[in-house]
There are 2 protein chains.
Amino acid sequence: MEHRIDRIKKQLHSQSYKLTPQREATVRVLLENEEDHLSAEDVYLLVKEKAPEIGLATVYRTLELLSELKVVDKINFGDGVSRYDLRKEGAEHFHHHLVCIECGSVEEIEEDLLTDVEKIVEGQWGFEVKDHRLTFHGICRVCQKQAVSAASTNESGKE
Amino acid sequence: MEHRIDRIKKQLHSQSYKLTPQREATVRVLLENEEDHLSAEDVYLLVKEKAPEIGLATVYRTLELLSELKVVDKINFGDGVSRYDLRKEGAEHFHHHLVCIECGSVEEIEEDLLTDVEKIVEGQWGFEVKDHRLTFHGICRVCQKQAVSAASTNESGKE
DNA sequence: CATCCAGTGATAATCATTATCAGATTGTAT
DNA sequence: ATACAATCTGATAATGATTATCACTGGATG
């Protein structure tokens, strides 16, 4: 964790930005909640627990900055708020998401999976791919099981 | 065009919604600007040209309705507004987009391209894919050419 | 004709995000 | 240490997209 903060610190310094206490607190919250997909408001509330004097505007500014530096990715699942997702260290591409339309859970896929597709896009459309966003909407493992057990509980024979 | 409006009309009726003049005007605007990715405001202004008495709220309501019926897809390119994109007739999946980070142009890809990837996701993650969103960010053909010609005009030998 | 109700238009309300601005903090040169 | 400039911050106002409200309309039904 300290290692990753160091890296981010260097990244900031290389563009002559500072890792202020507020920014560090924000980064720590992101690191500690890497699995989640926090909105700016979420991050603000969590940061406030460790640094109560921080302002919402600063959180927005920090997230914007981290977004420019490609430390985080700003994503939008269509629910009206932007969410911020840490890039894995060394990842040159954004990871993918599996959004469950039943329970709303979001799972991440680290594998690239798109190498072939990008080759096609570059070759056939002459488009130089720099990054991608891929989200699948569907039904997660858990909800599939629940659907099955619900069907078998209701022994009418029909779904 | 009339054919497609008829289809949409039937789709509405099947859920006991009506194709009111306002809704029809909105659908026509979407059909006539199928290549673009109009925001609600864009649609509103275009609809107003043919039906000046229409209200913005009605346009929002119609777009929301069409979105629920999967006639249009609501997309977000991260510029703060939702955009509405007609689904191609019979398409079970959403089409993909190539967003140019230089000029902001948006190109569409109708081909699926993700069949293999979806198989992997279903097999390896046990996720039942219902739909997907795929956007590539990069540099379009036009901007690539401009970059090349700008470099050769500036004959310093360096880029 | 009376009634019902989805649909509409105008506008107020909401809510996420951004802009503003005075003050705090930091780094640097003296 | 001191002065200065630049960066950063917190509070809050402003913005802008979207949604909620509410009185009204127009067509369908009996």
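Note on naming: letters A, B, ... go to the chains in the order of the sequence lines (proteins, then strands), and numbering restarts at 1 for each one.
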- prompt: So what is the end-to-end bend of the helix from C:dC1-D:dG30 to C:dT30-D:dA1, with 5 pairs used at each end and the value given to 10 degrees?
  reply: 20°

message: So B:Glu41, base contact, sugar-phosphate only, or nothing? Heavy-atom distance under 4.0 Å.
response: nothing

message: What contact category does A:Glu64 fall into here, base, sugar-phosphate, or nothing, at under 4.0 angstrom with non-hydrogen atoms?
response: nothing

Rounded distance (Å) that lies between atom C1' of C:dT17 and atom CG of A:Leu63: 12 Å

task: May I ask you to list the residues sharing a hydrophobic cluster with B:Val142, side-chain cutoff 4.5 Å, ordered by chain and number?
output: none

task: Report yes if at least one side-chain N or O of B:Arg61 is closer than 4.0 Å to OP1 or OP2 of C:dA6; otherwise report no.
output: no

- prompt: Hey, are A:Glu24 and A:Arg28 close enough for a salt bridge, meaning a charged N less than 4.0 Å from a carboxylate O?
  reply: yes

task: Look at all strands and tell whether B:Gln22 reaches a base, only sugar-phosphate, or nothing, counting heavy atoms closer than 4.0 Å.
output: sugar-phosphate

message: If you compare every side-chain N and O of B:Thr20 against the phosphate oxygens of C:dT8 (OP1, OP2), does one of them come in below 4.0 Å?
response: yes

- prompt: Which nucleotide in the set C:dT8, D:dT7, D:dG10 lies at the smallest distance from any side-chain heavy atom of B:Arg23?
  reply: C:dT8

message: Given 3.5 Å as the limit, does a donor-acceptor pair link the side chain of B:Asp42 with the main chain of B:Ser39, or not?
response: yes

- prompt: In chain order, what residues pass the salt bridge (charged side-chain N to carboxylate O under 4.0 Å, His left out) check against A:Lys130, with sequence neighbours excluded?
  reply: A:Glu128

query: Salt bridge or not for B:Lys88 and B:Asp73, using N-O below 4.0 Å?
result: no

- prompt: Base, sugar-phosphate, or nothing for A:Ser82, non-hydrogen atoms under 4.0 angstrom?
  reply: sugar-phosphate

task: Step through it carefully: locate the ring centre of A:His137, locate the ring centre of B:His132, and say whether they are under 6.0 Å apart.
output: no

task: Round to a whole Å and report the spacing from NZ of A:Lys48 to P of D:dT9.
output: 14 Å

field: Whole angstrom value for the distance that separates C1' of C:dG27 from CG of A:Leu12
entry: 17 Å

- request: In whole angstrom, give the distance that lies between atom NZ of B:Lys18 and atom C1' of C:dC5.
  value: 7 Å

query: Start at the 5' end of DNA chain C and walk down; is the nucleotide closest to A:Pro21 or to A:Ala40 reached first?
result: A:Ala40

- prompt: Looking at the side chain of B:Ala57, which of C:dT11, D:dA11, D:dT9 is the nearest nucleotide?
  reply: C:dT11

Length of the line joining A:Leu56:CG and D:dT15:P, which is rounded to integer Å: 18 Å

message: Under 4.5 Å between side-chain heavy atoms, counting indirect links through other Ile/Leu/Val/Met/Phe/Trp/Tyr residues: same cluster for A:Leu12 and A:Val43 or not?
response: yes

task: Name the closest nucleotide to the A:Tyr60 side chain, picking from C:dG7, C:dG9, C:dA16.
output: C:dA16

